[in-house]
*Asks:* 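The structure under discussion is supplied below as structure tokens; questions concerning it will follow.
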There are 2 protein chains.
Amino acid sequence: MSNDTTGSRTAASAPRRIRTDARRNVEALLDAAKTVFGTSGVDAPAKEITDLAGLGVGTLYRHFPQRSDLIKAVIEREIDACADAAPALAAEHKPDIALARWLERLAAFVATKRGFAAALHSGDPAFDGLSGYLMEKLGPALGSLLDAATAAGEIRAVVSSQDLLYAVAKLCAPLPGEEPDHGRRMVALLVDGLRSVDIQP
Amino acid sequence: MSNDTTGSRTAASAPRRIRTDARRNVEALLDAAKTVFGTSGVDAPAKEITDLAGLGVGTLYRHFPQRSDLIKAVIEREIDACADAAPALAAEHKPDIALARWLERLAAFVATKRGFAAALHSGDPAFDGLSGYLMEKLGPALGSLLDAATAAGEIRAVVSSQDLLYAVAKLCAPLPGEEPDHGRRMVALLVDGLRSVDIQP
DNA sequence: TATAGTTCCGGAAAGAGATTCCGCTTCTCC
DNA sequence: GGAGAAGCGGAATCTCTTTCCGGAACTATA
């Protein structure tokens, strides 16, 4: 198994450009998978995805040898979208407002994407890198917002951005039968805990 | 637990008592499943479970037609054990201490049982009843402890026992790569939020 | 544009595991 | 102790996953 799959940098031995049809097919598969995961869950038969994408099973397995590879790719796409939303918010609002808005955006993402929570909690080692990816992509944005609020003395410096990120990711994962705003209220409570500067840790 | 109608067959169609060997086999299957789930995850092959239990696959499917039935049964057993631990704690400690201890017990349960979080977040409708079972069994115990603390004015009355139960269940579910005490710290922060009686909701 | 050299695709086929089915065994009740 | 119901085992079947390779499609070069 090759150990270099980043592909972000052109090596000395120029690797051939990825064929355009292959790239197109990968996109089609990701789109189809996102749709099918949403309707039939992440355990949907592979054929359902390939049929929707108009491709053969072989193609699916060529690009995503493991099912977890496909799931990861779909989720990482969503995480990217969430991360991309951060700069705009930061530019348009004051830090504390931007933080709140962005946390709402994150909460919405986690709450909507069932497959995300499922993958995260599956215990499958294949998804071990996922929380790392979440941290890597979303950590910096949240970190800067958090630092600004802390510097202003509005928040106790008892949590890292990683703490908060994980806590939101967990709290906002939907549970069957619970009130829809449960996650949001619990996050608010958590932030109240951060604000209570008079309580000693 | 189910009450049985020993001897007094007053109903029209007398429900025959469950055969003792069948009951014994169900117990053996649950024990085996608990072990196998712990080592190989909840997606372990059925044969691994039946081999450990010393039974045939047919017997497994007779008692648990769906895999989710088996998983649910195992988890409900664990929840029962957690609920059973509450009265003893309540009898031995003051309410606030008992609350803390019991939350620790709950956190330990959630943190240890990977399959629990996975099932809860799977999105599979088969597990929809699970959080209800959790609430039904653990809600009353937590509720009384919470009421006592609220009555003493130590805690804002902004959360129900259901809120707290779900929040703990979510926060303490382990995520790959996170610090082991993350859940515990976040729960502590949540409780700080509850204690901050000077903050208006 | 034609050609050679790759890469990639499709879907049949093999493999792995889940689920069913039914003859036989074990238990319960009278 | 015997009749009859309940339960058991595991081979057979079914479903979905994963592999494999002949041929199609694409890219680079002239």
*Asks:* Pick the nucleotide of DNA chain D nearest each of A/Asp21 and B/Asp21; which residue has the one closer to the 5' end?
*Replies:* B/Asp21

*Asks:* Tabulate below the donor-acceptor pairs under 3.5 Å that side-chain atoms of residues 139-146 of chain A make, not counting sequence neighbours, or state none.
*Replies:*
{"unit_1": "A/Ser144", "atom_1": "OG", "unit_2": "A/Ala141", "atom_2": "O", "d": "2.9"}

*Asks:* What residues, two or more places apart in sequence or in another chain, satisfy salt bridge (Lys or Arg N to Asp or Glu O under 4.0 Å) together with B/Arg62?
*Replies:* none

*Asks:* Atom CG of B/Leu189 and atom CG of A/Leu189: how far apart are they, to the nearest 0.5 Å?
*Replies:* 9.0 Å

*Asks:* What residues form a side-chain hydrogen bond (donor to acceptor under 3.5 Å, both in side chains) with B/Gln66, not counting sequence neighbours?
*Replies:* none

*Asks:* Scan the side chains in residues 44-53 of chain B for donor-acceptor partners under 3.5 Å anywhere in the protein, sequence neighbours excluded, and list what turns up.
*Replies:*
{"unit_1": "B/Lys47", "atom_1": "NZ", "unit_2": "B/Asp51", "atom_2": "OD1", "d": "3.4"}
{"unit_1": "B/Lys47", "atom_1": "NZ", "unit_2": "B/Asp51", "atom_2": "OD2", "d": "2.9"}
{"unit_1": "B/Glu48", "atom_1": "OE2", "unit_2": "B/Ser40", "atom_2": "OG", "d": "2.8"}
{"unit_1": "B/Thr50", "atom_1": "OG1", "unit_2": "B/Ala46", "atom_2": "O", "d": "3.4"}
{"unit_1": "B/Thr50", "atom_1": "OG1", "unit_2": "B/Lys47", "atom_2": "O", "d": "3.0"}

*Asks:* Restricting to pairs with a member in residues 105-116 of chain B, which pass side chain to side chain donor-acceptor pair (under 3.5 Å), not counting sequence neighbours?
*Replies:* none

*Asks:* Please list all pairs meeting ring-ring contact (aromatic ring centres under 6.0 Å, His included) that have one or both residues in residues 111-139 of chain A, counting only residues at least two apart or in different chains.
*Replies:* A/Phe109-A/Phe116, A/His121-B/His121

*Asks:* What ring-ring contact (aromatic ring centres under 6.0 Å, His included) pairs are there with at least one residue in residues 58-105 of chain B, not counting sequence neighbours?
*Replies:* none

*Asks:* Looking at residues 57-71 of chain A, who's got a heavy atom less than 4.0 Å off DNA chain D?
*Replies:* A/Tyr61, A/Arg67

*Asks:* So which of residues 23-37 of chain A are in contact with DNA chain D, with a heavy-atom cut-off of under 4.0 Å?
*Replies:* none

*Asks:* Please round to the nearest 0.5 Å and tell me the distance separating atom OH of B/Tyr166 and atom CZ of A/Arg185.
*Replies:* 12.0 Å

*Asks:* Taking NZ, NE, NH1 and NH2 as the nitrogens, is one of them in A/Arg101 or A/Glu92 under 4.0 Å from a carboxylate oxygen of the other?
*Replies:* no

*Asks:* Produce the list of close N/O pairs, under 3.5 Å, pairing protein atoms with atoms of nucleotides 28-30 of chain D; give distances to one decimal.
*Replies:*
{"unit_1": "D/dA28", "atom_1": "OP1", "unit_2": "A/Arg17", "atom_2": "NH2", "d": "3.3"}
{"unit_1": "D/dA28", "atom_1": "OP2", "unit_2": "A/Arg17", "atom_2": "NH2", "d": "3.4"}

*Asks:* Which of residues 38-49 of chain A sit near DNA chain D, with a heavy atom under 4.0 Å from it?
*Replies:* A/Ala44, A/Pro45, A/Ala46

*Asks:* For the pair A/Arg184 (side chain) and A/Ala108 (backbone), establish whether a donor and an acceptor sit closer than 3.5 Å, ignoring hydrogens and angles.
*Replies:* no

*Asks:* Charged N to carboxylate O below 4.0 Å: is that the case for A/Glu76 and A/Lys137?
*Replies:* no

*Asks:* To the nearest Å, give me how far apart CZ (B/Arg19) and C1' (C/dT26) are.
*Replies:* 5 Å

*Asks:* Which residues satisfy the side-chain hydrogen bond (donor to acceptor under 3.5 Å, both in side chains) test with B/Asp147, sequence neighbours excluded?
*Replies:* none

*Asks:* If you look at every strand shown and take non-hydrogen atoms under 4.0 Å, does B/Thr50 touch a base, only sugar-phosphate, or nothing?
*Replies:* nothing

